[in-house]
Each structure stands twice: as structure tokens, then as C-alpha cells.
Novice: 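Mind having a look at this structure? Questions to follow.
Because the structure is predicted, anything quoted here is derived from the model rather than measured. Within every chain, numbering begins at 1; the chains are lettered A, B, ... in the order of the sequence lines, protein sequences first and strands thereafter. Every heavy atom of this structure was used, including side-chain atoms; hydrogens, water molecules and symmetry mates were not.
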Amino acid sequence: MPRFQAPRGTQDVLPAMQPYWQAVLDAVREVARLHGFQRVDTPMFEDAGVFEKGSGDTTDIVEKEMYVFEDRGGDRLALTPEGTPAIVRAYLEHGMGSWPQPVRLYTTHPMFRYDRPQKGRYRQHTQFDAEVLGSADPLVDAEVITMLWRLYGMLGIRGITVRLGSLDDLEPRRAYVERLKEYYRPFLGRLSEDSQRRFERNPLRLLDSKDERDLPYKEAAPKLVDQLSPAAREHHEAVQAALAAAGVRFAVDPLLVRGLDYYNRTVFEVVPDDDERAQGTIGGGGRYDGLVELLGGPPTPGIGFGTGIERIILEMQKNGVVFEPAPAAEAFIVHRGEGSGPAAVRLAAALRDRGIAAVIGEGGRSFKAQLRSANAAGARLAIIIGEDELAKGVALLKPLEGESEQAAVPLEQAAEAAEARLRAG
RNA sequence: GCGGGCGUAGCGUAGUGGUUAACGCGUCUGAUUGUGGCUCAGAAGAUCGUGGGUUCGAAUCCCACCGCUCGCCCCA
């Protein structure tokens with residue numbers, strides 16, 4: 001019988017890593033509260049059409065990476081590959097258009113992509129996703145980025161920069177893409193194979209190439225940020241002014257391109273300054289003023305981001321943020337002998353009633369072994385109930401740290417006395 | 001999807017063709033009656049990722065598969 005292992009690209013989050021997850025989730029909750037975002041939870045899977053229509057069925061995420069399956073009833077479903085279309089679907093389904101606008105929502109949600117795993121890239125990962133629907137105000141763009149920036153700061157992540165770009169609005173961008181293709185067409189044959197493919201599929205990506213053969217042409221290529229439509233330019237500048245006012249470290253990146261079709265105007269990524277790897281990006285997002293309509297709703301502007309919790313944790317560790325695992329117990333009950341089991345259980349319940357984390361030792365093992373366990377559990381107090389104690393109706397309180405001596409107390413008052421000891425120390 | 005590196009007890013490693021695969025950490029037990037941490041002693045724990053092949057003989061060489069990892073692509 002071959003041993004089972006977790007599916008490729010997935011991972012178990014063991015107790016030692018839980019403090020990191022807890023810290024991130026706590027910070028997420030707090031930063032969302034500080035910015036007026038409300039939590040929404042959407043299902044792990046959706047109608048596949050949500051993403052085919054929403055994310056765009058020529059994007060890599062949908063075309064090559066989405067987990068699609070038919071359930072027993074014949075419905076075509078997809079494991080959520082990215083958050084935004086799912087939240088927009090919920091926004092429409094629940095009539096959030098009639099809530100006070102704009103609507104600020106966030107979630108932490110598992111995402112699934114059939115991709116080749118690498119460090120920081122998994123087939124299942126978790127994203128903190130935040131979306132604002134119903135506002136076209138550039139200040140909202142800045143607020144969203146500021147929230148992301150604050151989150152990283154709260155978690156001790158330094159040495160990162162926001163790369164900011166603008167993809168203009170959809171119509172002017174189409175015109176720009178034509179100009180870009182005209183520029184590249186004459187020397188198409190001299191470009192890298194990748195770039196030749198991009199020329200047809202996603203010409204904006206030509207500007208993103210790192211291939212030596214493409215670099216000379218890239219330099220002189222027309223840049224979208226240099227020729228934005230007046231409305232988009234004004235928007236872009238307003239976002240920058242607001243980010244500067246908020247103290248966010250950002251750099252305008254004329255070559256920033258993102259892989260989802262629905263973006264317009266503001267796009268951004270957060271990258272570590274020392275990380276050239278493509279999967280170094282820890283968060284990114286942008287504005288999607290056309291997405292709600294794509295999914296069958298009324299014209300509604302929107303903007304949001306996703307940031308990968310696994311990557312945040314990797315970045316925290318790179319920044320030397322360390323968490324000690326929380327002790328498993330405050331009080332550890334050592335017991336042995338006839339009738340000690342029920343006494344231990346009664347005492348444990350009394351301790352827990354008082355809010356004290358209590359663990360009962362294994363009565364079949366020696367005092368020595370149980371006390372070792374108490375120590376390993378990080379308990380500050382051991383409470384010993386042996387045969388002698390049981391006969392006298394007492395328990396021994398043995399401090400596991402500090403100077404004080406162990407003391408006998410009546411069994412019925414043991415919980416109270418333990419609480420006093422723990423609160424004092 | 002393409003190319004490179006790696007895979008030996010729970011974890012980290014040594015061992016590169018020749019006895020019962022070694023060490024550290026961890027786990028368990030004990031160091032005279034029932035007392036933790038430090039120390040000491042002992043024990044358990046490995047079909048050497050899986051399957052096939054070469055060989056008198058394979059952890060060691062070859063092939064395939066699985067997984068991890070690095071780069072590309074793409075993304076968080």
C-alpha cells in the first residue's frame with residue numbers, strides 16, 4: 001500500500017506555522033476594520049462561467065490553470081482561481097447595488113490554479129482579497145493601495161515597493177495596442193518566440209519581455225503611460241498624489257502589465273526590492289470598471305486587490321519576523337492511582353470554567369514522565385493528584401517556573417488556588 | 001507546458017558498488033518507594049521516494065514515475 005501524500009502543489013499548515021497564519025489573519029481583520037471593509041465569504045467553487053466571463057476566457061488563469069469539473073448533477077463548476085469575479089457575482093446576486101455606495105468588501109479565500117509548483121507558488125493558496133464597488137474616485141484607488149501597504153507594515157515587512165501603472169480605459173487602450181502592433185510588425189521575425197506569440201495573444205506583454213533579443217525594440221516602443229487619454233491621465237495623477245500624501249512608497253512602472261482582461265486605469269503590484277523572481281510579487285490588483293457589466297450587472301466601477309498569505313509569510317520570515325509557538329497548556333494535571341482519573345477530569349473542568357487552559361497527563365505514566373510532558377507543554381503550573389493526595393482530599397500545586405515551593409491545597413479549592421497562582425505569576 | 005538540481009528514521013545530515021546503513025536533534029524508558037528543565041545510560045524508530053533494469057553484490061550506476069526545488073512562462 002503506497003503511502004498517501006498531499007496533492008502536488010498543496011501543503012499542510014503544521015502547528016509551528018500557525019502563529020504566522022494567525023498573525024496575518026488578525027492583521028487582515030484589523031486593517032479591514034480600520035478601512036471600513038466588511039467581510040464576505042463566497043463558496044469554494046462557482047459556476048465556471050463566473051470566471052470564464054469575468055476573468056476572461058483567454059487569460060492563462062482560465063484557459064490553462066482553472067480546475068473545472070462537472071458535478072453529479074451535470075453542472076459545470078470551477079474551484080475559485082481568483083477572488084474578484086466571485087465577489088462581483090455575490091454583489092449582483094444580493095442586490096448590493098442598492099446598499100449605500102461604495103460597498104467595501106474583503107475576504108480570505110483559498111484559490112486553486114493548476115500550475116507548476118514553485119517556492120511561493122502553489123496549486124492551492126490563500127488570498128486576502130479586498131474590493132470596492134460603486135466608486136470611480138481615484139482616492140478610493142489610493143485607499144485600497146494604502147490598506148495593502150498598511151497590512152504589510154503591520155506584519156513587519158520592509159523593503160517593498162508598490163509598482164503603479166495605468167492601462168487607460170478600454171477604448172483608448174485598444175487604439176494604443178494597434179499602434180504598438182504597428183510599431184513591432186516590421187521586425188516581428190527578429191523577436192523571441194515568446195514575443196512572437198504575445199504579438200497575437202497579448203501585445204501588451206511585449207513590453208514585459210526580458211529576452212535579450214527583444215530589449216532593443218522595447219526601449220523605443222510607445223509606452224501606454226505616456227499617451228493616456230486625458231481622463232485616465234488625470235485619474236492616474238490623482239492616485240499618485242494621494243499615495244504620496246499617505247506616505248506609500250511607490251514607483252510608476254510604464255511596463256506594468258497584468259494578466260487579467262478586466263483591468264482598466266489603475267493597476268499595481270507590490271514587490272520586494274531584492275527579489276527579481278517573477279513569483280516574488282506579494283500582492284497586486286487594479287481597477288475594473290467594466291467587470292460588473294460583463295457579469296450582467298449595471299455599469300458599476302470597481303477596484304480591488306489580492307495578496308497571497310503564503311507569500312506574505314515567506315516575506316515575513318525573510319524580514320526576520322519570528323513567532324514562538326503558544327504554550328499548549330497553562331496548568332497541567334498530573335495524576336496517578338485508583339480514582340485519580342475522575343478527580344483530574346473534575347479539576348480540569350473547574351480550571352476551564354475559569355478560563356485556564358488545562359491538560360490532563362496520562363495517568364498510566366510515571367510522575368516523572370507526566371512532569372516532563374507538563375514542561376514540554378509549556379505549562380507554568382503542575383497540579384499533582386496521586387494516591388496520597390486523593391486519600392487526604394488535597395492536590396499539590398507545583399510551580400514549574402520561578403522560586404516558589406509546591407503546596408498542598410484542598411482538592412475542591414484547587415482550581416481557585418491555581419488561578420490565583422497563575423494570575424499572580 | 002519547457003530546462004536544471006535534489007529525494008537516506010519525525011526533523012537535519014553522513015555514507016558514491018562490498019558485513020547487521022551512521023551521527024545530531026526529537027520521542028520513549030530508566031538513574032533505588034511519587035516530582036519537570038540540566039546531565040548521564042538505554043531503547044524504539046529507515047522496505048535508503050516508488051517501480052523496473054545492470055551486477056556475484058546497489059542507498060551508491062541506468063531508465064521511468066512521484067514529489068520537492070531553481071530558472072522560463074504565468075501568477076498571489
Novice: State plainly whether the residues A:R123 and A:D115 are in salt-bridge range, i.e. N to O under 4.0 Å.
Specialist: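 No salt bridge links A:R123 with A:D115.
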Novice: Identify which nucleotide among B:G34, B:U69, B:G36 has an atom closest to any side-chain atom of A:I384, counting heavy atoms from C-beta outward.
Specialist: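 Looking only at side-chain atoms, A:I384 lies closest to B:G34.
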Novice: Grab the N/O contacts between the protein and nucleotides 44-46 of chain B below 3.5 Å, and write none if there aren't any.
Specialist:
none

Novice: With sugar-phosphate meaning primed atoms plus P, OP1 and OP2, does A:G9 contact a base, only sugar-phosphate, or nothing at under 4.0 Å between heavy atoms?
Specialist: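 Touches sugar-phosphate only.
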Novice: Looking at residues 334-341 of chain A, who's got a heavy atom less than 4.0 Å off RNA chain B?
Specialist: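 None - not one residue of the stretch has a heavy atom sitting under 4.0 Å from the strand.
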Novice: Answer yes or no: is there a side-chain heavy-atom contact under 4.5 Å between A:K218 and A:L255?
Specialist: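 In short, these two side chains touch, coming nearer than 4.5 Å.
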Novice: If you go through the side-chain atoms of A:N375, does one of them form a donor-acceptor pair with the base of B:G37 closer than 3.5 Å?
Specialist: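 By the distance-only test, no, there is no pair.
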Novice: Heavy-atom nearest nucleotide on RNA chain B for A:P117 versus A:E310: which residue maps closer to 5'?
Specialist: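 Going by which nucleotide is closer to the 5' end, it is A:P117.
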Novice: Within the 3.5 Å criterion, strictly below it, is a donor on A:R336 or A:S366 matched to an acceptor on the partner's side chain?
Specialist: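 Judged by distance alone, the side chains do not pair up.
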Novice: So, are A:R249 and A:D273 salt-bridged, with charged N and O less than 4.0 Å apart?
Specialist: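 Yes.
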Novice: Output the single nucleotide from B:G1, B:G34, B:C68 whose closest atom is nearest the side chain of A:Y114.
Specialist: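 Per side-chain heavy atoms of A:Y114, the pick is B:G1.
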Novice: Hey, are A:R76 and A:E52 close enough for a salt bridge, meaning a charged N less than 4.0 Å from a carboxylate O?
Specialist: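 Yes, this pair counts.
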Novice: From the set B:C74, B:A76, B:C70, return the single nucleotide nearest to any side-chain atom of A:D60.
Specialist: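 Selected nucleotide: B:C74.
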Novice: Which part of the nucleic acid, if any, lies within contact of A:L396, taking any heavy atom under 4.0 Å across all strands shown: a base, the sugar-phosphate backbone alone, or nothing?
Specialist: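 Base contact - A:L396 has a heavy atom under 4.0 Å of at least one base atom.
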Novice: Rounded to whole angstrom units, what separation is found between the CD1 atom of A:I312 and the P atom of B:A76?
Specialist: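 Spelled out: CD1 on A:I312 to P on B:A76 is 13 Å.
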Novice: Between the base of B:U35 and the side chain of A:Q406, is there a donor-acceptor distance below 3.5 Å?
Specialist: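 Yes.
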Novice: Could you tell me whether the side chains of A:Q127 and A:T307 share a donor-acceptor contact shorter than 3.5 Å?
Specialist: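 Short answer, no.
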Novice: Please check if atom CZ in A:F45 has more than 12 non-hydrogen atoms from other residues, nucleotides or ligands closer than 6.0 Å.
Specialist: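 Counting neighbours around CZ of A:F45, 12 or fewer heavy atoms of other residues, nucleotides or ligands fall under 6.0 Å, so no.
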Novice: Determine, for A:R174 against A:E178, whether the closest basic-nitrogen to carboxylate-oxygen distance falls under 4.0 angstrom.
Specialist: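 No.
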Novice: Applying a 4.0 Å non-hydrogen cut-off, can you work out what A:E65 is touching in the nucleic acid: base, sugar-phosphate, or nothing?
Specialist: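 It contacts sugar-phosphate atoms only.
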Novice: With C1' as the reference atom in both, quote the distance from B:G49 to B:U8 in angstrom, rounded to an integer.
Specialist: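 Straight-line distance between the two C1' atoms is 10 Å.
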Novice: Of all the nucleotides listed (B:C70, B:G67, B:C74), which has the minimum atom distance to the side chain of A:Q118?
Specialist: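 Among the listed nucleotides, the one closest to the side chain of A:Q118 is B:C70.
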Novice: Between B:U60 and B:G52, how many Å separate the two P atoms, rounded to a whole number?
Specialist: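 It works out to 14 Å between them.
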Novice: Starting at the 5' end of RNA chain B, which residue's closest nucleotide do you reach first, A:L260 or A:D388?
Specialist: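 The 5'-side residue here is A:D388.
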Novice: Which nucleotide sits closest to the side chain of A:E387: B:G34, B:C72, B:G36?
Specialist: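 My answer, after comparing the listed nucleotides, is B:G34.
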Novice: Does the pair A:R354/A:E419 count as a salt bridge with the N-to-O cut at 4.0 Å?
Specialist: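 Here A:R354 pairs with A:E419 in a salt bridge, since their nearest N and O are under 4.0 Å apart.
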Novice: Protein-nucleotides 24-31 of chain B N/O pairs closer than 3.5 Å?
Specialist:
from	atom 1	to	atom 2	distance (Å)
B:C28	OP1	A:R365	NH2	3.2
B:U29	OP1	A:R365	NE	3.0
B:U29	OP2	A:R365	NH2	3.2

Novice: Would you mind listing every ring-ring contact (aromatic ring centres under 6.0 Å, His included) that reaches into residues 305-361 of chain A, with sequence neighbours excluded?
Specialist: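 Residue pairs passing ring-ring contact (aromatic ring centres under 6.0 Å, His included), neighbours aside: A:Y20-A:F323, A:F128-A:F305.
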Novice: Remember a base hit wins even if backbone is also touched, and classify A:E389 as base, sugar-phosphate or nothing at under 4.0 Å, heavy atoms.
Specialist: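 Base, at least one base atom sits under 4.0 Å.
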Novice: Less than 4.0 angstrom from a charged side-chain N to a carboxylate O is my criterion; do A:E182 and A:R179 meet it?
Specialist: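 Not counted as a salt bridge, because no side-chain N and carboxylate O are separated by less than 4.0 Å.
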Novice: Give a yes or no on whether a donor-acceptor pair under 3.5 Å exists between the nucleobase atoms of B:C74, that is its base, and the side chain of A:R121.
Specialist: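 Yes, the side chain and the base share a sub-3.5 Å donor-acceptor pair.
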Novice: Is the Lys NZ or Arg CZ of A:K181 less than 6.0 Å from the centre of A:F199's six-membered ring, within 45° of the axis?
Specialist: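 Yes, cation above the ring, under 6.0 Å and within 45°.
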Novice: Is atom CD of A:E63 surrounded by more than 12 heavy atoms (other residues, nucleotides or ligands) closer than 6.0 Å?
Specialist: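 Counting neighbours around CD of A:E63, more than 12 heavy atoms of other residues, nucleotides or ligands fall under 6.0 Å, so yes.
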Novice: Just to be sure I understand the rule, does A:F128 reach a base, reach only the sugar-phosphate, or reach nothing, if contact means heavy atoms closer than 4.0 Å?
Specialist: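 It contacts nothing in the nucleic acid.
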Novice: Show the distances under 3.5 angstrom between N or O atoms of the protein and N or O atoms of nucleotides 3-5 of chain B.
Specialist:
from	atom 1	to	atom 2	distance (Å)
B:G3	O6	A:R116	NH2	3.1

Novice: Can you list everything that forms a salt bridge (charged side-chain N to carboxylate O under 4.0 Å, His left out) with A:D353? Sequence neighbours excluded, please.
Specialist: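 Residues passing salt bridge (charged side-chain N to carboxylate O under 4.0 Å, His left out) with A:D353: none at all.
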Novice: For A:K318, is there an ion pair with A:E315 - N to carboxylate O distance below 4.0 angstrom?
Specialist: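 A salt bridge links A:E315 with A:K318.
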